[in-house]
Amino acid sequence: DFERRFRMPRAVHEVLRDGILETDIYFTQRSDAVCNIGASTDQKMVCALCQLAYGVPADAVCEYVRF
């Protein structure tokens with residue numbers, strides 16, 4: 001199911017996620033001032049990958065990723 005939906009093996013996804021988390025703190029899941037948990041690391045990564053792959057702005061991808 002995962003490989004069909006994201007069109008990449010799970011191992012590649014995990015390597016990408018680990019590399020992104022090591023280099024950029026934006027992709028970590030944090031809570032805001034009122035303790036609401038924000039978007040997950042996977043949601044942010046999928047959103048960024050879709051933007052790069054399809055060349056669309058962030059607003060077009062937010063509904064797909066359910067931000």
Side-chain angles (χ1 to χ4, degrees):
D1 229 17
F2 180 87
E3 292 179 3
R4 187 179 50 123
R5 179 176 173 96
F6 294 108
R7 297 182 184 151
M8 71 173 76
R10 185 178 292 271
V12 172
H13 177 80
E14 291 174 0
V15 168
L16 280 173
R17 185 181 60 216
D18 293 342
I20 288 172
L21 286 174
E22 288 177 1
T23 58
D24 196 353
I25 196 164
Y26 168 76
F27 288 94
T28 58
Q29 186 175 20
R30 298 181 300 254
S31 58
D32 60 8
V34 291
C35 297
N36 291 331
I37 295 175
S40 71
T41 300
D42 290 328
Q43 284 177 315
K44 292 178 184 180
M45 187 180 83
V46 168
C47 185
L49 288 174
C50 286
Q51 287 176 3
L52 291 172
Y54 301 122
V56 294
D59 295 339
V61 181
C62 286
E63 286 186 26
Y64 174 73
V65 181
R66 296 188 180 127
F67 264 161

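All values below were derived from every heavy atom in this structure, side-chain atoms included, with hydrogens, water molecules and symmetry-related copies excluded. Along the sequence shown, residues carry numbers from 1.
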Summary of salt bridge (Lys or Arg N to Asp or Glu O under 4.0 Å) pairs that have at least one residue in residues 9-18, sequence neighbours excluded: Arg17-Asp42
For Gln29, side-chain contact (heavy atoms from CB on, under 4.5 Å) partners two or more places apart: Ile37, Ser40
Contacts under 3.5 angstrom, residues 45-59 side chains, donor-acceptor by atom type, not counting sequence neighbours:
none

Results of salt bridge (Lys or Arg N to Asp or Glu O under 4.0 Å) for Arg4 - residues two or more places apart only: Asp1
Under the side-chain contact (heavy atoms from CB on, under 4.5 Å) test, residues paired with Ile25 that sit two or more places apart: Thr28, Arg30
For the student: nearest non-hydrogen atoms of Leu21 and Phe27, plus distance: CD2-O, 3.8 Å
Parallel, tilted or perpendicular: rings of Phe2 and His13 (30°, 60°): perpendicular
With Val12 via side-chain contact (heavy atoms from CB on, under 4.5 Å) - residues at least two apart: Met8, Pro9, Leu16
